[in-house]
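Residue numbers start from 1 in every chain, and the chains themselves are labelled A, B, ... in the order their sequence lines are given, proteins ahead of strands.
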Protein chains: 2
Amino acid sequence: MEQKQKSELTKQIILDESFKLFYENGFKTTSIDKIMKATNLTKGAFYYHYKSKKELGLDVIGSKIQKRVYDGMITPLYQDGNALEILEITFSGRLKSFSLFDKQHGCPMNNFINEIADEEEAYQMALKRIIEEWKAALTHIIERGKKEKVINTLYSTDAISIYLISAFEGIRGIRKLYNDDDILDDYILGLNSYLKQLKA
Amino acid sequence: MEQKQKSELTKQIILDESFKLFYENGFKTTSIDKIMKATNLTKGAFYYHYKSKKELGLDVIGSKIQKRVYDGMITPLYQDGNALEILEITFSGRLKSFSLFDKQHGCPMNNFINEIADEEEAYQMALKRIIEEWKAALTHIIERGKKEKVINTLYSTDAISIYLISAFEGIRGIRKLYNDDDILDDYILGLNSYLKQLKA
DNA sequence: TAAAAAAAATACTAAGTAGTATGTTTTTGA
DNA sequence: TCAAAAACATACTACTTAGTATTTTTTTTA
């Protein structure tokens, strides 16, 4: 029993350090050696827990990145309250909550999408799953907003969802190019007027 | 004279093949060896024309990628006509014009931004320059639209520009995860209603 | 046409890469 | 307490990488 826990712990440590290094330096340029150096463990330990780097990548996406998006962007959408207000708070609030590191390195999910999604179908599917859950949460709150006569039923729920997700992921990349938050302020302004226009 | 032309030609060949391979497989995983194999030239030729891979990367961004964005998204914005219509045609038309390859591999600029922009300031600046020119073109057409009472002056020009660019670059990444164009249709729907709402 | 310069080819280095083979230590369960 | 299994360490392989040093070919120019 205790061994199983300790084993799970080391796997978690590998996972944590992997996420950090992938986030900071990208997936491809982060080697197993670098990861294991960061964990103070060795290659033997790694290949005991994972059969390949690809499997690690999929685990990082399916656990660390998924959780991050869930906590920041999905779970908040299931709370009660005015649908449009929740959308505004979730999208602009999340952006404002980012650390400098997070702003400089963009969205880990988006980084993965643009770095490796087109090279392996497995990565593509793992990332798609997160987007689909995000979309489902948006569908839920937008439909609720429509029912509660807060959001204009004229607009397609899918269209709103995709446009919101796209703009959010897009700005996370663009921000990398700048050294201040002016660009984020412009995005938030754009987001706010977009949301206002959805009003019923 | 003839030699200079031939020399420029080889450099152009290297540039063309580099762009193709970077676009298809990413910057980091595309080695000089692979590029030079594609050109049927050798490493000696490469290091005669470029002093490093970084210099090549900057050249690809500053020439190939810049030209692509110019031709597809910037130049069209300087034509005459209804500002909102031009925006709609440019953004949705460009998406519709993409080949399957382009859809599967996303936006070359966005790929660069998310893969390497945070690792080297030189890349960051080269990419930023393109975004700034794009933003300038959008500013131009939006301001014109406002003057001609086509676009509501209530909305911040910068906010509209950034929101448009973000959503466009965002969807280019998201599309990688899917195997059909439904997601693009949703984006176009979202874009169209967004633009309509900007009407004066 | 011959020396000089430019363009490209060949052969290399040193470091990094994913993954494997085989060892050693630690823990478990009978 | 002792064999077996689990967890990790060490040492390696075969390959790829960016970049360099040197040589050969091609072109220019005087």
Below 4.0 Å: OP1/OP2 of C/dA6 and any side-chain N or O of B/His49 = no

State whether A/Thr10 places a side-chain N or O below 4.0 Å from either non-bridging phosphate oxygen (OP1 or OP2) of D/dC8.
-> yes

salt_bridge([X], [Y]) N-O dist < 4.0 Å:
{"X": "B/Glu148", "Y": "B/Arg144", "result": "yes"}
{"X": "B/Arg172", "Y": "B/Glu169", "result": "no"}
{"X": "B/Asp16", "Y": "B/Lys64", "result": "yes"}

Figure out the [atom1]/[atom2] separation between [X] and [N], and round it to whole Å.
{"X": "A/Met36", "N": "D/dA9", "atom1": "CE", "atom2": "P", "value": "7 Å"}
{"X": "B/Leu41", "N": "C/dT10", "atom1": "CG", "atom2": "C1'", "value": "14 Å"}
{"X": "A/Tyr48", "N": "C/dG23", "atom1": "OH", "atom2": "P", "value": "19 Å"}
{"X": "A/Ile13", "N": "D/dA7", "atom1": "CD1", "atom2": "P", "value": "14 Å"}
{"X": "B/Glu55", "N": "D/dG19", "atom1": "CD", "atom2": "C1'", "value": "13 Å"}
{"X": "A/Gln12", "N": "D/dA7", "atom1": "CD", "atom2": "C1'", "value": "17 Å"}
{"X": "B/Leu56", "N": "D/dG19", "atom1": "CG", "atom2": "P", "value": "10 Å"}

Tell me, please, which residues at least two apart from A/Asp186 pass salt bridge (charged side-chain N to carboxylate O under 4.0 Å, His left out).
->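 Scan of A/Asp186 (salt bridge (charged side-chain N to carboxylate O under 4.0 Å, His left out), adjacent residues dropped) gives none.
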
Can you list the residues that meet the salt bridge (charged side-chain N to carboxylate O under 4.0 Å, His left out) rule with A/Lys43, with sequence neighbours excluded?
-> A/Asp33

Taking all non-hydrogen atoms of both residues, which atom of B/Glu119 and which atom of A/Asn25 are closest, and how far apart?
->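 Shortest heavy-atom separation between B/Glu119 and A/Asn25 comes out as OE2-O, 2.7 Å.
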
Can you give one letter per nucleotide of nucleotides 15-21 of chain C, 5' to 3': B if a protein heavy atom sits under 4.0 Å from the base, S if only from the sugar-phosphate, - if neither?
-> --SBBB-

